[in-house]
Amino acid sequence: MEEFLGKSEIRRATREVPPAHYIFSIESFSLLVATGVEKYESHAFDVQDYKWRLSLYPNGNKRSNGEGFISLYLQIEDTQNFPRTWEVNVNFRFFILDQIRDKYLTIEESDGVVKRFYQMKTEWGIAQLLSLDHFNKASNGYLVGDCCTFGVEVFVIEQTGKLERLSMMKGPPNNTITFQLQNYSKSLADFYTSGVQTIGDSKWELIVYPRGMGIAKYYALSVFLSLVEAHNLPPKGKVYAQYKFRVKDRLNYTNTKEIIDSAWFTASASRYGDRYLITLWDLQDRSKGYLCNDTLRVEADIIVVSNVKLFL
């Protein structure tokens, strides 16, 4: 059940498990009310290296629109030795025991908002926790034999200081890798690699098969972009690259061959490219200008690349 109170929605639910951090029981609740006490503070208790205290208003916190309700708050204690700019971020929920059904009513803000405790704000809570009419009705089980039980769970949001920042860089500096093979007609190796080049935060190289690879062998020029240190990626780590392969017509300037593709590179898939970048028939046709002075030149532009930075 959810209830809208001012700017906050209050979620109420039931569960059998008691509160993990603190239980506060009151015997002779009516006598406590008869004393005229506005607020009763529990003993301090420890949760996650901080000291806390429950603050109960048995007739409601009238300054916060709590008249006619039980009001309950969580206070942080012993802050005098904290740094001047201290803050503690907390998510918490309150409990009231239904003694008849042996279940706990849990009450918390439904949006799960994290409350910031700091020097000027050392107490947070719910002014309209439960109406006194509902609380006092014996059949509801909250006040039985003039006894009642409250509780709280406190979850401190620990700041680990870890930050991961993913950025997609368009047109990174020095983003062209150039491969050049002289004496193409006399080359014997199945493949050649360019020099390793750092683009973005990653190291890249071209792998060129002058006479094709796999099913394209002896049919086409095959070119691949390789992430050199892919084996160093963390589990499930990956690097994105949008790239353009290019074989220039250096004679006529009209037959330049280009293709654009993209991929996420991983440890298990560290290279991507094109087996059929250009047919050997076209590549070796001297009139088309791809092989000038028997020299093959292949270029790759990395157009977009992902970078990940970890701040620990």
Residue pairs fulfilling side-chain hydrogen bond (donor to acceptor under 3.5 Å, both in side chains) with at least one residue in residues 191-200, sequence neighbours excluded: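 For residues 191-200, and leaving out neighbouring residues, there are no side-chain hydrogen bond (donor to acceptor under 3.5 Å, both in side chains) pairs at all.
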Sequence neighbours excluded - side-chain hydrogen bond (donor to acceptor under 3.5 Å, both in side chains) pairs with any residue from residues 134-145: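 For residues 134-145, and leaving out neighbouring residues, the side-chain hydrogen bond (donor to acceptor under 3.5 Å, both in side chains) pairs sorted by first residue read His134-Asn140.
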Just by distance, do the side chain of [X] and the backbone of [Y] share a donor-acceptor pair under 3.5 Å?
X	Y	result
Gln99	Cys147	yes
Asp146	Ser30	yes
Thr256	Asp249	yes

Sequence neighbours excluded, which residues qualify as salt bridge (Lys or Arg N to Asp or Glu O under 4.0 Å) partners of [X]?
X	answer
Lys288	Asp282
Arg286	Asp294
Glu77	Arg53

Pair Trp52 and Phe117, ring centroids less than 6.0 Å apart: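 Trp52 vs Phe117: aromatic centres under 6.0 Å.
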Test of ring centre spacing under 6.0 Å for His21 and Phe155: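 That pair passes the under 6.0 Å test.
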Tyr73 vs Tyr57, ring pair (Phe, Tyr, Trp, His ring centres under 6.0 Å): CA-CA, chis, key distance, verdict: CA-CA 8 Å; Tyr73 293 82; Tyr57 292 75; 5.4 Å; yes
Remaining members of [X]'s ILVMFWY cluster at a side-chain heavy-atom cut-off under 4.5 Å?
X	answer
Leu31	none
Tyr104	Ile23, Phe95, Leu97
Phe191	Ile207, Tyr209, Met213, Phe224
Val114	Ile157

Minimal non-hydrogen separation, Glu299 against Leu206, with atom names: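 Looking at all heavy atoms of both residues, the shortest contact is C-CD1, 4.3 Å.
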Within a strict 4.5 Å, meaning less than it, do heavy atoms of the [X] and [Y] side chains meet?
X	Y	value
Ile303	Ile260	yes
Asp274	Val223	no
Val247	Leu277	yes
Leu56	Ile26	yes

Contacts of Ala269 that satisfy side chain to side chain contact (heavy atoms under 4.5 Å, CB included) - sequence neighbours left out: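 By the side chain to side chain contact (heavy atoms under 4.5 Å, CB included) rule, Ala269 matches Thr266, Tyr272.
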For Asp190, side chain to side chain contact (heavy atoms under 4.5 Å, CB included) partners two or more places apart: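 If we apply the side chain to side chain contact (heavy atoms under 4.5 Å, CB included) test to Asp190, skipping adjacent residues, the hits are Lys217.
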Intermediate values then yes/no, salt bridge (charged side-chain N to carboxylate O under 4.0 Å, His left out), Arg93 and Glu153: CA-CA 6 Å; Arg93 67 172 63 98; Glu153 287 181 342; 2.7 Å; yes
Parallel, tilted or perpendicular, as decided by the 30° and 60° cut-offs, for the rings of Phe135 and Phe150: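 Plane angle under 30°, so parallel.
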Geometric class of the Phe245/Tyr243 ring pair [parallel <30°, tilted 30-60°, perpendicular >60°]: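 Ring orientation of Tyr243 relative to Phe245: tilted.
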Qualifying residues under side chain to side chain donor-acceptor pair (under 3.5 Å), relative to Thr178, sequence neighbours excluded: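 Thr178 satisfies side chain to side chain donor-acceptor pair (under 3.5 Å) with no residue once adjacent residues are dropped.
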Ring pair (Phe, Tyr, Trp, His ring centres under 6.0 Å) between Tyr22 and Phe94, intermediate numbers included: CA-CA 10 Å; Tyr22 199 68; Phe94 292 129; over 10 Å; no
More than 12 heavy atoms of other groups within 6.0 Å of Asn183 CG: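 It does: Asn183 CG has more than 12 such atoms within range.
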